[in-house]
Structure formats: structure tokens, C-alpha cells
Amino acid sequence: MKKTIRWYVLSIIILFAASADDVRAQVNIPAAYALIKRVIPQRSSAFLIENLTADEKDAFEIESKHNKIILRGNNGVSVASALYYYLTEYCHCQVTWDGTNLNLPQILPAVAHKIHKATPYNYRYYLNYCTFNYSMSWWSWGRWQKEIDWMALHGINMPLALTGQEYTWYEVYKSMSFSDDDLKDFFCGPAYFSWFWMGNLDGWGGPLPLSWMQSHRDLQQKILLRERGLGMKPILQSFTGHVPPSFQKHFPASKLKKVNWNNGFADTYILDTEDPLFAEIGRRFIETQTRLYGTDHLYSADTFNENEPPTNDTTYLSALSLRVYQAMSKADPKATWVMQGWLFYNDRKFWKAPQIKALLDAVPNEHMIILDLAAEIEPVWKRTDAFYGKPWIWNMLHNFGGNIVLFGRMDEAANGPAIALKDPESKQMMGIGLTMEAIEQNPVLYELMTGNTWQDKPINVDEWLKQYQLNRYGHINKYTEQAWRTLHHTVYNGGEIIRDGSESIITGRPTLDSNTVWTHTTLNYKPQNFLPAWDAMMKAIPTCSNSDGFRYDLVDVSRQALANYALPLQSKWVNAYRQKNIGDFKKYSRQYLQLISDMDALLATRKDFLLGPWLADARKQGNTTAEKDLYERNARDLITLWGNADSPLHEYSCRQWSGLLNDFYKTRWEKFFALLNDALKQGKDADIKGFDRSISQWEWQWVNSHKTYPLQASGNSITEASIIYKKYRKIIGGSYEE
């Protein structure tokens, strides 16, 4: 009873905070102080917070007074940004997912002249539907708290907030007399919510326990309370027509259509917007969601995520769009539709100018915001007349599937936002954002991209990288400069030949080819040109080894060197097999397996690269053994098969993690090499297709297994990287000269 009362009171507090828009004009000082205490608990007393009156866009000020550092802002995000500006510019510190430096000077530097910064961007957007699963599936409140602090420090004020949406749907359909049995094939497992929310799949990875829905309802309320307390305006969800498979049983006259995502999953059911029930359910959803979570009048709704509409008729598309908007606006007249622009990028064959214009024009400009989801890859705004007058946001997508690879378009992130902002053709560009499918990798790209928040000019990457090194490592030396100059012009040059970072052939399902369906090994640079970065990082060890960020970067650069080397090594055993040279085949296949083991040992030295925490965090979410097993199966499946044993998406979300390398990828290769070795001995061709069928069954067995893996790093990153470098550097360099 007490828990119910507490939950109800918390809901009312959230709802009040959500509707009290005038409060956000000032800083919630206790919330801002609490953030400072979480980030720098030992030095928080050195800071004072004051309100700053700002115009439409956020601003902050910093100055020194009476031995205190004064942080002024018009909301909590501005104050947090002021703190981070002081920490990075004056104390040379840094807070990232993968290595943090908060070694503040004993005497905090004074600010000689008052600093004033104002952002040119109304909105600083954050997250992608996919991030909630590829990275956040198993997050507790403790991890969420750290992320919200990171968001505030980096100026984010418009986060996507989808946690707990399944409970909203549960309440909506229960109010419409659906039983738990009616809904068991609707709700998916926790690792697949992103695609359930977007209407791509039902039920897979379930059945979802009610205990999950209730616990994540409570978690979402904490998330929103914290985000709103810092002045953020979270984006919740709206109804786009996705209904349970049992819907027609309750409403036999309803206008339903089946759609299929074409990725190995069953059909889902979409309620036609013309059906009167569409508006009714849309209203119920917004009203229920608002009661549970409050509202900032921002709603995400994606009508055709990787599914084509039934017709390209512009009248149809316009009417459909209007009805989707009306479903939210009837419940909330202040509703603004925030649309991911992924469909315009992903399916340009269907979404030509007339179709895009029809979809967008049906909604009033002041009630719609478009996310140019991958503007650093292909700016859709340039071929849509800046989304035909709609407010829009320039976003960096960067990562797909959570795959581990050094990659990014550094120059585009540094220059793209400011260039677009100053371009008169960009019209209503209102913000910048981060829309990666997964986080906790390539921290440099995210520090760089968020560096645009408080300025309207392009960033000088060379100068910025010097500051980045100073903040990350505590100082700069010629070797770190050499390393980052090389990284900038190789892995971070973006290039035009690939969309996203290349995987290593190691993580692909065993093959004689150099690529698989989801394992693309083409690099945007010559691999030999990357090696000087590795050399320089090794030379920097004596002066940088105490830096957590440096140790992460050293492991990551070493990992990339080995991951790249797998391809020329593969070609050696492939050639030996095709030439029926059994001696060389055994030699090079053994070396290949040893390479995987060496990578595993290297990555075991950093918790960032461990499989164990991902699985353990999943199990922690369960209350019973059955729930724990279900969540672990979800966790294992997403990063390997993605679906069932016949899934066409296997390896889409591959991970170079210690534990996964040895027990999953290496074991697959061992089985493949045994097949090829037997074929050589018997003088016949190996049955590769038969292997694919059998290995998928073994993969499914692994998905359903329960071996535990280390939760803490083992070994020393510097020592292990030095061993790896000594063993492989000359060999790898020579492989690119052959």
C-alpha cells in the first residue's frame, strides 16, 4: 500500500513539473547542486549557482567571486554545461563513457574575466530508438543517473525517453478489456523494445512479465523526474497504429492491415488511420501516458519504419499524416510531432519529393520537428528544401548496431552543424543532436559533436584534438599528437566508400569470403596507414599510463590493429585451403585462432570490453530463475543471432568483447576449420551450406546457455598491449607489404 501511495505521489509531482512550463525559465538549484555533488563530490562546495535570465535560447556564465566559482544558467542543463566548460577549459578534465579524468588542481583556477556563452540551437536532441536496446536494455537507475548527468554536462535538453512505454500500452489495452492472455503475443522481450515500439515485431523474446512493466514504469518516472528537474524536455511516444495480434478478436470490424519487416519475424498488425478506433486509441494512449509520466508536449511517432506504405499516392500520405497528428493533438492541443527522418534516408526509392512533401505538409509547421537522422552521412535536408519549411535538427548517427570499431566522420561533425546553420537554404534548422544506434564507444566523436552546442562556427579539428588530449590524458606530448593526427586521417576520416564502421572478419559467421551479409570489412583507409597511430600510442605509455582514458584508447587502438590484421591472415588460410596445401592451412588457421585468443586477453583488461556485465545486468532484472533466464537469453540473442536460428540479422549487432570472442566467435571458427581440414584430408569440397545450417543450431544453443563470465577486468592494459605489440607489430606491417 505504501509503495502504491509513493508511486502515485511521484506521478503527481512529475505531472506538475511537466505542466509548469514557467518554472523552467529558472534553475532548479537543488537539482543542479545535486548534479555537481555527483560529478565532483569532493569539490562541490567551491561552486555557487545563480539564475541567469536568457532569451529564447539557453545561455550560461562563469566567473570567480570571493574564492568561489559562480555558475549561472537559465536552467539546470545550462548550469551543468557551465560546470563542464569550467572543468574542460580551466581544469583540463573530461567525463566520457570510456575513460574519465577528474583530477582537479588542488587550487581551482580563477576565472579572470566573466565567461558568457549562448547556444544558437533551441534543441540539442539525444538518442535513437535503437540505443534503448543496443546499449540500455539492462540499465538500472544508477546507470541512468550517470547518463542523465552526462547529457546535462554536454548540453542535451531534448532526450528521447521511451523506457516504460510497454506499461502504458498494458494499461490502455486492459482498459479496453484485453486480457493478459490477449497480450502475451504482443509484448516482446526486453532486448527488442525498440523494434516493438516502431511496429516491426511482436512477441519475440517474450513473454514479457508484468513485473518488468511495473519496475520500468517506476524507472521511467525517476528518469523523467531527473531530466525535467534539470530543465530537459523529454520526448515521449504517440500512437502510429501498431496493435496486438488479438485486436481483431475484440474488434472484428476494424480495418487492419498486415505488414512485415522482412527480417525473419512474423507479420505485425497496423490499424488503418481511417478507422475511428485509431483516433480513440491515440487519445487513450496520450491520456494514459500523461497520467503516468506527465508531458512536455513532444511526441515521437514513426509511421513507416523500414516498411513501405501501401501506396505512394500523395493524397493518401497526406491524409494519413494528418490523422496521426490529430490522434495526439486531440488529447494534447500543444502536441508537437517529433519525426525521425530515417525513412527518407533509408528508402529514397519510395520517398521522393512529392511523397515527402505530402507527408510533412499535412501537419502545421509549429507542431512538427524533423530529425535529419544521419546528416553527417547524407544530409536529407539538402534534397527536401529543408524539409519543406518544417523545423528540423541536424544529427550525427555514427554507430550502427553497437558494433565495436574505431570509426567516424570527424570533419563532418566539426563543420556540418555550423555550415548548415549559416546556410540560408537550411531555413528552420533549430538544433543539433546525437542519434547513434549505440553508445559507449568512440568517445572522441561525441565530445567533438557536443562541442558545437555553445558556438555557431566550425570547430578547428587539429586545435580541438590538442585540447582533447590534454583533457583526457592530463597532458600532451608529441607521441599522442602523432597518434591523433593519424587517427584523424584514417579511422576518423569518414570517407565516402562506406556508410558506417567496418567489422572484423573475425565476428562474421565463418566463410571463405572477405565479407558476409552483415560483416563488411571494407575500410575507409589503408590499414597500413593506421599503424603509425599504434606505434605512437605505445611510445606515449611512459608519460600517459596513469590516465584511464589513455589506457582505454591504447586497448582500443591495439584491438583495431588486430581486428584489421584478421583479413590478410584469413586470405592466407583461404589460399592454402584452395591450393589444397594442408600444412599451410593448419599453420595459418592456428594463427588465426590464436589472434582471436590474444584479442580476448587484451580486451579482458578493460571492463568496457567484457561480455560478463551485459549478461549479469540482464539477469539482475529478473525476480525468478525463469525471468533471469529469459532476460539472459534476450541479451545473448541480440548480440549474436538477433532472432532465431534462421535469423537473417545474425551478426548485425556483433561485439568484440572478451568472453564473446573466445567462446562464440573462436569456437565457430574452430568448427569451420575442422570441416575444411576434413575436406582436405578426404580430397573433397567442404559442404559450406551444410555448415551454415548446422552452425546456426549451435549458435542457438549458445543463446540458450548460462555460462557466467567475469564481471571485472583482469590483467594490466599496459602490459597486455605491450605484449601484443611486440608479438604482432612486425608481422602485421609485413602483411600489408606482401
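It should be emphasised that the depicted structure is a prediction, and the values quoted were computed from it without experimental measurement.
For Ser137, the side-chain hydrogen bond (donor to acceptor under 3.5 Å, both in side chains) test picks out Asn133, with sequence neighbours left out. For Gln441, the side chain to side chain contact (heavy atoms under 4.5 Å, CB included) partners two or more places apart in sequence, or in a different chain, are His398, Asn399, Tyr446. By the salt bridge (charged side-chain N to carboxylate O under 4.0 Å, His left out) test, Arg143 is found to be paired with Glu147, Glu440, residues two or more places apart in sequence or in another chain being considered. Taking Glu63 as the reference, Arg72 meet the salt bridge (charged side-chain N to carboxylate O under 4.0 Å, His left out) condition, with sequence neighbours excluded. Qualifying ring-ring contact (aromatic ring centres under 6.0 Å, His included) partners for Phe196, counting only residues two or more places apart in sequence or in other chains: Phe186, Phe187, His242. Partners of Thr453 under the side chain to side chain contact (heavy atoms under 4.5 Å, CB included) rule, at least two apart in sequence or in another chain, are Thr119, Arg124, Ile432, Thr450.
Using a 3.5 Å distance cut-off with no hydrogens or angles, the side chains of Glu171 and Tyr167 do pair a donor with an acceptor. Arg655 and Ser653 share a side-chain donor-acceptor pair at under 3.5 Å. When only modelled atom types and interatomic distance are considered, Asn75 and Ser78 share a side-chain donor-acceptor pair under 3.5 Å. Side chain to side chain, Gln94 and Tyr84 fail the donor-acceptor criterion of an N or O pair below 3.5 Å.
Residues Leu603 and Thr605 have side chains not in contact (no heavy-atom distance under 4.5 Å, counting atoms from C-beta outward). Counting only heavy atoms from C-beta outward, the side chains of Phe132 and Leu160 approach each other to under 4.5 Å. Between Asn403 and Tyr652, every side-chain heavy-atom pair lies at or beyond the 4.5 Å cut-off. Counting heavy atoms from C-beta on, the side chains of Glu227 and Lys233 never come closer than 4.5 Å. Contact of the Asp548 side chain with the Tyr552 side chain is not registered, since no non-hydrogen atoms from C-beta on lie closer than 4.5 Å. Tyr299 is listed as a side-chain neighbour of Ile286, based on a closest heavy-atom distance under 4.5 Å. In this structure, the side chains of Ile156 and Val77 stay at 4.5 Å or more apart for every pair of heavy atoms. Side-chain contact between Pro613 and Lys607: present, with at least one pair of heavy atoms (C-beta onward) separated by less than 4.5 Å.
Here the side chain of Ser64 pairs a donor or acceptor atom with the backbone of Val111 at under 3.5 angstrom. The main-chain N or O of Leu127 is never found under 3.5 Å from a side-chain atom of Thr131 such that the two would form a donor-acceptor pair. For Gln621 (side chain) and Trp138 (main-chain N/O), a donor-acceptor pair under 3.5 Å exists by modelled atom type. With hydrogens and angles ignored, the 3.5 Å screen pairs a side-chain donor or acceptor of Asn452 with a backbone N or O of Met449. Put simply, the side chain of Gln220 gets close to the backbone of Ala161: a donor and an acceptor are under 3.5 Å apart. One N or O on the side chain of Gln469 and one on the backbone of Leu465 form a donor-acceptor pair closer than 3.5 Å. The main-chain N or O of Val27 is found under 3.5 Å from a side-chain atom of Asn51 such that the two form a donor-acceptor pair. Asp296 places no side-chain N or O within donor-acceptor distance of the main-chain N or O of Leu298, the cut-off being under 3.5 Å. The backbone N or O of Glu412 lies less than 3.5 Å from no partner atom in the side chain of Glu376, so there is not a single donor-acceptor pair. A donor-acceptor pair is defined here as one N or O able to donate and one able to accept, closer than 3.5 Å; such a pair exists between the side chain of Asn101 and the backbone of His92.
The two residues Gly205 and Asn634 make their nearest non-hydrogen contact at O-ND2, 2.9 Å. Pairing each heavy atom of Met232 with each of Ile148, the nearest pair is CE-O, 3.8 Å. When every heavy atom of Val405 is checked against every heavy atom of Asn442, the shortest pair comes out as O-ND2, 2.8 Å. Pairing each heavy atom of Leu35 with each of Ala152, the nearest pair is CD1-CB, 3.8 Å. Nearest heavy-atom pair, Leu711 versus Ala616, reported as atom, atom and distance to 0.1 Å: CD2-CB, 3.4 Å. Between Val172 and Arg284, the shortest heavy-atom distance links the atoms CG2-O, 4.0 Å.
Between atom CD of residue Glu61 and atom CD1 of residue Ile115 there is a gap of 10.0 Å, rounded to the nearest 0.5 Å. Rounded to the nearest 0.5 Å, atoms CD1 (Ile459) and CE (Met410) are 10.5 Å apart. One finds the OG atom of Ser300 at 9.5 Å from the CD atom of Gln165 (value rounded to the nearest 0.5 Å). Between Trp337 atom CH2 and His367 atom NE2 the span is 13.5 Å, to the nearest 0.5 Å. For the atom pair CD1 of Ile223 and CD of Gln221, the computed distance is 10.5 Å after rounding to the nearest 0.5 Å. The distance from atom CE of Met339 to atom CD1 of Ile393, rounded to the nearest 0.5 Å, is 13.5 Å.
The ring-ring contact (aromatic ring centres under 6.0 Å, His included) with Tyr134 is formed by just one residue from the set Trp195, Tyr192, Phe400, Trp614; it is Trp195. Considering Thr100, Leu448, Asp556, Thr96 as possible partners of Pro443, the one that fulfils the side-chain contact (heavy atoms from CB on, under 4.5 Å) test is Thr96.
Annotation: Trp212 is in aromatic contact with Tyr631 [ring centroid separation under 6.0 Å]. Checked against the 6.0 Å centroid threshold, Phe60 and Trp454 count as a close aromatic pair. Close placement of the Tyr86 and Phe47 rings is indicated, their centers lying within 6.0 Å of each other. Between Trp197 and Trp169, the gap from one ring centroid to the other reaches at least 6.0 Å. For Trp150 and Tyr126, the distance between ring centers is under 6.0 angstrom. A centroid separation of less than 6.0 Å is found between the aromatic rings of Phe550 and Tyr473.
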* To do: Go through Ser211 and Glu627 one step at a time and tell me if the side-chain hydrogen bond (donor to acceptor under 3.5 Å, both in side chains) criterion holds.
  => CA-CA 9 Å; Ser211 59; Glu627 288 182 2; 3.0 Å; yes
* To do: Report the C-alpha distance between Asp372 and Asn395 in whole Å, list the side-chain angles of each, state the deciding distance to 0.1 Å, and finish with yes or no for side-chain hydrogen bond (donor to acceptor under 3.5 Å, both in side chains).
  => CA-CA 6 Å; Asp372 200 349; Asn395 294 284; over 6 Å; no
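Salt bridge present: Arg606 and Asp608 bring a charged side-chain N and a carboxylate O closer than 4.0 Å. A salt bridge between Lys146 and Asp149 is absent, with no side-chain N of the basic residue lying under 4.0 Å from a carboxylate O of the acidic one. Classification of Arg291 and Glu287 as a salt-bridged pair fails, no side-chain N sitting under 4.0 Å from a carboxylate O. Between Asp553 and Arg472 there is a salt bridge, with a side-chain nitrogen of the basic residue lying less than 4.0 Å from a carboxylate oxygen of the acidic one.
By the 6.0 Å contact criterion, CD on Gln42 is open, its count of non-hydrogen atoms from other residues, nucleotides or ligands being 12 or less.
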